[in-house]
Amino acid sequence: MAAGQSFYQTPSSDRHSGIGAWLLTTDHKRIGLMYGAVILFYFFVAVVLGLLMRTELMGLNTKIVSAQTYNALFTLHGVIMVFLFIIPGMPAILGNFLMPIQIGAKDVIFPRINLLTWYLFVIGSVLVIISLFAQGAPDTGWTFYVPFSITTHTGVTLTVFAVFVLGLSSMLTGINFITTIHTLRKEGMGWMQIPLFTWSIYSTAWVQVLATPVIGITMLLIMIERLFGVGLLDPSKGGDPLMFQHLFWMYSHPAVYIMILPGMGIISEIFPVFCRKSIFGYRAIVAAGLAIAAIGSLVWAHHMFVSGMSDAAVLVFSFLTFIVAVPSAVKVFNWVSTMYKGSIFMAPPFLFALCFIVLFSIGGLSGLVQGAAGPNVHIHDTHWVVGHFHFVMFGGAAFAFLGGLHFWWPKMFGRLYDFKKAYIGGAMLAVGFMMHYFPMFILGLEGMPRRYYAYLPKFWALNFFAGIGAYIMVAGIALIFINLFLSFKNPQAAPADPWGATTLEWSVPSPPPLENFVKEPAVEPYPYDFAGKAKKLKATGD
Amino acid sequence: MSNHADEKGARMGMWFFLYTEIMFFGGLFVLYAAYYHRYTEDFIVAGRETMLVLGGLNTAILLVSSFAVAAAVRAVSKSSSRTAILLLGVTVILGLIFLFNKYLEWRRDFADGYYPGSDKMASGPVGQSIFFALYFTLTGLHALHVLIGTGILAACLVLTAKRRITADRMSFMENSGLFWHLVDIIWIFLFPLFYLLL
Amino acid sequence: MENIVKYADNVLIYIIVFCLILLVLITAAMIYFAVRYRKSRTPEASDIRGNLKLELAWMILPTIIALSMFYFGWESFLGLRAVPPDAINIDVNAMQFSWVFIYPNQKESEGLMVVPQGKPVKVNLTSLDVIHSFYLPAFRIKMDAVPNMKTYTWFYADKPGDYHILCAEFCGVGHADMTATLRIVPESEYQKWLNKK
């Protein structure tokens, strides 16, 4: 390895070059970027599908798409966004690229399994696409509720198999990351010296390992049911459809935390850097992350308050739902308090982080309304729920992802983007977002159910308004990514540490060399010691 | 990356993997519990129709094979590869016998109409049909694991013969052994649930 | 009894108002800090790493608020589940894509549910094919109709008029069109309707 060369110039194995150096690489950075390429592609596809849906809903009597097409649209929008964007997005792109560097390692512990997960992911995603055309696009919603999913004639069998394969990929990534964080931390890095993004990846990986096998078996059961008709999920043969819902949410609720926890980790990295101040309550944030992962695994049946489940179960799951709200609230308070007496400067990543705080708070607080058993009966399966989870998943997870992308972009590609366009894009996204999703709360309270391709006339005005918001939002997304890609034309290389941050990834060149470190990394006793860093800079006369 | 960290990591990763396997089967055990609760009487009637003798024989086969694998791992660590090869050979043969017994059992089940969707089941109470649905799903997935495990252990045998598995490089061997033990343990739960207790 | 809807609404408002207060406080603090501690005004940050007392306070306080929300939510849920003994029983069969109502005298009607004013009505639900959900937004009730399973919900028919019944659980291509009308009429009219062939 030639000194000073970035990993782009040095393939991880001398045997391959060109495209082979990417497709057969075991370098965690290249694998992260390969995930990035595939995941962003599917993200754009799902955005277009979502926009089509909202365009259909903008008119009262328009029929841009048929009911069957609309059902396929929201099924695919859901499947792609959930399984191909948000679940793998942050752990597999940013986690892969940054986690090993943050803990001072040369790579993950199982580099070949890491590559295998990428192939499984690609195979799973291709199967999703094939299932569209094989027997007609699946029309069950991403929740695949039985008995509808076992009686419909569309290509659900292949779709659920695709989800099974994607689950396998996600689970192996989880095993890989937990083991890496346990065994490959640089000597001297104790558990309380681990940067918070890595901590969040660690909590996430646990959920991936804990919960993903359950979705595996659940999807397999649908396949067995559709292929052999054994009756385990078929009420006409003695099966209980509620068992499916339990098994499904036993995974899919924790999966929500797979989506949001890494986002929380990113926000925990961004706040201290742009406030030039240690994170407020490092230990509390770590503990809250683990608590969310643990309690979050026990709240699944709050999706089932009106399913016919026993009232006693409603009591227990409503209670646990309110308990899991507390650690999330603690994190929000800690982030805001980090700003207190800081020395705050604005940059695009921080703008996204600030938007995250507001949007995620709305998402989380609206979740409290749903967690309360009585109000839940009214708003369950209405547009309120659509608004709620988009505030959490998009306003929360995806804003954090965009913040992280802007934060680490210079590290990953060695180029800085234009700030002004990033601000405009971010602002457009945030404004469009509010216009688009906030009306859904009101629609839900008025009683508009979700998954309706047509609706009662009284819901028209707000649906039309939300549609305008959708277009502004999509324009914002377009501007954000165009701006990021334009940075490749920027002739000036980004410095190793453009933000003045303290964690290890900023001590290596941008982009990092193969095996990450030029000289042995030095682990600080506290990962966010900005006062110490300022002192050191003064001492060296900078 | 030091070899030591690799070995430790491989073992730790394997344990996490075994854990996911338990969760995987756990989902089905949850189904069993729920349906047993609902159709207790039917389960008891249907449970008498599975073949206790073959099930018992298969339990013995897996227990012996598990012991053989453990002994093989120990033999490798003591560098007596000839013993290891012998023991691995025994394990692979036992695994194949297990699968053959399974085949005999299922052939009888199908011939006598003990499967969901048969005329016999369609005319009887739904609980019995559910019992056999669980029986085929669980033992089927388990048999798939036996098949995969046998394949992996056969690979271990070849690698040991080729001196690619030695006392210094045995994490693959150890992990294969762990996987086989897991397959055994899952059977230890399946056997009473489908053959013995009801 | 008539207050079930009102109570459910009050709980909803209670929770939403608390949430709005919290949201405003968080947002206001964030904006204030961002302006007050901007770099040009505070070039040097203080090195504060946490404050145990403060952190305990904002752990315990939200817990108490959350538990109060849980309690009121549960109370209103109990109201939605406790059917008065004098309720009229109407069996509802859901199917792709319509609602069939069966009255105590075995009269059947499709797409139209007629009930007498001033009476509690118990809705006994089941489905003939896939899962549906009986949603009556005006009365804040919803319950899934599951094949091979009996579920129930109830409402108090206080004001005469027509109300929407919607399907809230996705059930296939006609999901959005699977609507019916609830008509609350005076007792005498109800009896006339009930005995008409």
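Protein chains get the first letters and strands the later ones, always in sequence-line order, with residue 1 at the start of each. Just so you know, these numbers use all the heavy atoms, side chains as well, and skip hydrogens, waters and symmetry mates.
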When only pairs under 4.5 Å are counted, which of [options] shares the most heavy-atom pairs with chain C?
{"options": "T152(A), D240(A), L315(A), I323(A)", "result": "L315(A)"}
{"options": "A67(A), G141(A), A372(A), S307(A)", "result": "S307(A)"}
{"options": "F441(A), F148(A), Y528(A), W335(A)", "result": "F148(A)"}
{"options": "N334(A), V146(A), I279(A), D139(A)", "result": "N334(A)"}

Classify the side-chain pair S278(A)/D47(C) by whether it contains a donor and acceptor separated by less than 3.5 Å.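 S278(A) vs D47(C): donor-acceptor pair found between side chains.
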At a 4.5 Å cut-off on heavy atoms, which part of [X] comes close to chain A: side chain, backbone, both, or neither?
{"X": "Y135(C)", "value": "side chain"}
{"X": "L78(C)", "value": "neither"}
{"X": "R81(C)", "value": "side chain"}
{"X": "P43(C)", "value": "backbone"}

What's the separation between atom [atom1] in [X] and atom [atom2] in [Y], rounded to the nearest 0.5 Å?
{"X": "Y452(A)", "Y": "M178(C)", "atom1": "OH", "atom2": "CE", "value": "8.5 Å"}
{"X": "L359(A)", "Y": "L23(C)", "atom1": "CG", "atom2": "CG", "value": "9.5 Å"}
{"X": "T179(C)", "Y": "Y455(A)", "atom1": "OG1", "atom2": "OH", "value": "15.5 Å"}
{"X": "I48(C)", "Y": "C275(A)", "atom1": "CD1", "atom2": "SG", "value": "11.5 Å"}
{"X": "Y282(A)", "Y": "R49(C)", "atom1": "OH", "atom2": "CZ", "value": "11.5 Å"}

Donor-acceptor check, side chain of T42(C) to backbone of S343(A), threshold 3.5 angstrom: yes or no?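 A pair under 3.5 Å: no.
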When you measure from the side chain of Y453(A) to the backbone N and O of V173(C), does any donor-acceptor pair fall under 3.5 Å?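 Flag not set: sc Y453(A) to bb V173(C) has no pair under 3.5 Å.
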Any side-chain heavy atom of [X] within less than 4.5 Å of one from [Y]?
{"X": "E446(A)", "Y": "P137(C)", "answer": "no"}
{"X": "C19(C)", "Y": "L368(A)", "answer": "yes"}
{"X": "L445(A)", "Y": "I16(C)", "answer": "yes"}
{"X": "F319(A)", "Y": "L67(C)", "answer": "yes"}
{"X": "F333(A)", "Y": "I26(C)", "answer": "yes"}
{"X": "I15(C)", "Y": "P375(A)", "answer": "yes"}
{"X": "P241(A)", "Y": "I131(C)", "answer": "yes"}
{"X": "Y37(C)", "Y": "K341(A)", "answer": "yes"}

For chain A, which candidate among [options] shows the most heavy-atom pairs at distances under 4.5 Å?
{"options": "L52(C), N51(C), I141(C)", "value": "N51(C)"}
{"options": "A29(C), P62(C), C167(C)", "value": "C167(C)"}
{"options": "M30(C), M143(C), R38(C)", "value": "M30(C)"}
{"options": "T153(C), L80(C), T151(C)", "value": "L80(C)"}
{"options": "M59(C), K39(C), K142(C)", "value": "K142(C)"}

Might you point out which heavy atoms bring [X] and [Y] nearest each other, and give the distance in Å?
{"X": "A168(C)", "Y": "P449(A)", "answer": "CA-CB, 4.3 Å"}
{"X": "F33(C)", "Y": "V336(A)", "answer": "CD1-O, 3.4 Å"}
{"X": "W74(C)", "Y": "D311(A)", "answer": "CH2-O, 3.3 Å"}
{"X": "A66(C)", "Y": "F322(A)", "answer": "O-CD2, 3.4 Å"}
{"X": "E55(C)", "Y": "A284(A)", "answer": "OE1-CB, 3.0 Å"}

Counting only non-hydrogen atoms closer than 4.5 Å, does [X] touch chain C with its backbone (N, CA, C, O), its side chain (CB onward), both, or neither?
{"X": "Q245(A)", "result": "side chain"}
{"X": "F74(A)", "result": "side chain"}
{"X": "T140(A)", "result": "backbone"}
{"X": "Y526(A)", "result": "side chain"}
{"X": "S236(A)", "result": "backbone"}
{"X": "R450(A)", "result": "backbone"}
{"X": "V314(A)", "result": "both"}
{"X": "V369(A)", "result": "both"}
{"X": "V332(A)", "result": "side chain"}

Show, in sequence, the C-alpha distance, side-chain angles and deciding distance for T151(A) and D129(C), and conclude whether the side chain to side chain contact (heavy atoms under 4.5 Å, CB included) test is met. CA-CA 9 Å; T151(A) 51; D129(C) 38 49; over 6 Å; no
Parallel, tilted or perpendicular: which fits the ring planes of F280(A) and W58(C), with parallel below 30° and perpendicular above 60°?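 The rings of F280(A) and W58(C) sit tilted, inter-plane angle from 30° to 60°.
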Ring geometry between F305(A) and F77(C) (parallel below 30°, tilted from 30 to 60°, perpendicular above 60°):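 F77(C) and F305(A): tilted rings.
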Do any of residues 91-108 of chain C come closer than 4.5 Å to chain A, heavy atom to heavy atom, and if so which ones, in number order?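 From residues 91-108 of chain C, the residues near chain A are Q96(C).
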Counting heavy atoms not belonging to [X], are there more than 12 under 6.0 Å from its [atom1]?
{"X": "Y163(C)", "atom1": "OH", "value": "yes"}
{"X": "Y14(C)", "atom1": "OH", "value": "yes"}
{"X": "R36(C)", "atom1": "CZ", "value": "yes"}
{"X": "Y340(A)", "atom1": "OH", "value": "no"}

Stepwise, does the side chain to side chain contact (heavy atoms under 4.5 Å, CB included) test hold for L242(A) with M149(C)? CA-CA 10 Å; L242(A) 259 61; M149(C) 201 171 134; 3.8 Å; yes
Flag the pair F170(C) / Y145(A) as yes when their ring centroid distance falls below 6.0 Å, and as no otherwise.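 No, the ring centres sit 6.0 Å or more apart.
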